[in-house]
Amino acid sequence: MWKQKIGISLAGKYPIPTADAVRMLKEIGFDAVSPIWEAGMDITDTINAARQCGLIIQSLHAPFSKAADMWSRDKDISSAALKDLLDSLEVCEKFDIPVMVVHTWIGFEYDFCKEELYFANFDELICAAKQKGIKIAFENTEGEEFLNALMEHFENESQVGFCWDSGHELCYNHSKDLLKKYGEKLIMTHLNDNLGISRFDGSTYWTDDLHLLPYDGIADWDDNIERLRRSNHQEILNFELTTASKPGRHDNDLYAKMSLEEYYSLAYSRACRIAYRYSK
């Protein structure tokens, strides 16, 4: 019988070896994992553990701390950011990971002028991705104008797709319907929940990005699922979640009190609710 596959993004750190956490995720019922990668990180044990227990490696999340530097014309600024992404592509190629998730901006205070944008670094990234047969999924984060510019720039490029973070849309993008804009290019999901924008002036800030379990925040999951169903079909619905509360907040504290097995079992049950309705 056909079953909607469910994936989960791997956290950066676990209280147990990551390979053991991966095996636990398989035992709980997940079908796929998506590691996050940072410069110098060796994910060989994680990949081997996942493949040995039959998990799909759905995507790799590239570093994003230098995302804004990718737009610079100054090579002294952009070269390190581009190197991070090209090195990530090498990891994807080494481990046969088909999709790499890329942030298009970082920061909440910026000036945006479409006419002055510089795409050469991204052009080089996409050219390298094409040569390696790896798809780039640009994710909605803060600075959605930069996402819009890249999706327009690469509109006819089959190597480029969209990663929809449901929580980012709610707390960074003022609940704009980004699936309506880019659903046809959807190739990856980061499904999670939060409590929306906390500042009374409507400004966005990173501590609102809670990555709660679905149904623990204010997201309208009926609407999210319907919008997903109108978008490019996903063989695997991926969830990006965390047990850690943001500084000065306690929204995730209940998760942190659970054992890792209890938390991921609860996460899987929430994911199943969404997957069942998505596949109907």
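Just so we're clear, the structure is a prediction, and the values are computed from it rather than from any experiment.
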Query raised in the report: Any ion pair linking D84 and K66 (charged N to carboxylate O, less than 4.0 Å)?
Result: yes
Requested in this report: With sequence neighbours excluded, tell me which residues meet ring pair (Phe, Tyr, Trp, His ring centres under 6.0 Å) with F119.
Outcome: W71, H153
Report summary line: Members sharing W206's hydrophobic cluster, built from side-chain contacts under 4.5 Å between Ile, Leu, Val, Met, Phe, Trp and Tyr, are F108, Y172, Y205
Query raised in the report: Is it true that the side chains of N192 and H190 contain a donor and an acceptor less than 3.5 Å apart?
Result: no
Query raised in the report: Do K176 and E169 sit within salt-bridge range, that is, some charged N less than 4.0 Å from a carboxylate O?
Result: no
Requested in this report: Taking atom types as modelled, find out whether S72 and S78 have a side-chain donor-acceptor pair closer than 3.5 angstrom.
Outcome: no
Query raised in the report: Does H103 have its ring centroid less than 6.0 Å away from the ring centroid of H61?
Result: yes
Requested in this report: Compare every heavy atom of G143 with every heavy atom of W105, then report the nearest pair and how far apart it is.
Outcome: CD1-CA, 4.0 Å
Query raised in the report: Charged N to carboxylate O below 4.0 Å: is that the case for K185 and E155?
Result: no
Query raised in the report: Residues in side chain to side chain donor-acceptor pair (under 3.5 Å) with E90, at least two apart?
Result: K132
Query raised in the report: Do you know the tightest heavy-atom contact between S88 and L60?
Result: O-CD2, 3.6 Å
Query - I236: hydrophobic cluster co-members (side-chain, 4.5 Å) - result: I56
Requested in this report: Could you tell me whether the side chains of T44 and D42 share a donor-acceptor contact shorter than 3.5 Å?
Outcome: yes
Query raised in the report: Can you list every pair that meets salt bridge (charged side-chain N to carboxylate O under 4.0 Å, His left out) and has a residue in residues 100-128, with sequence neighbours left out?
Result: K114-E152
Query raised in the report: With distance as the sole criterion, is a donor-acceptor pair present between the side chains of N173 and N140 under 3.5 Å?
Result: yes
Query raised in the report: Where do Y215 and I225 come nearest, in terms of heavy atoms and distance?
Result: OH-CD1, 4.2 Å
Report summary line: Applying side chain to side chain donor-acceptor pair (under 3.5 Å) to D223 and not counting sequence neighbours gives R227
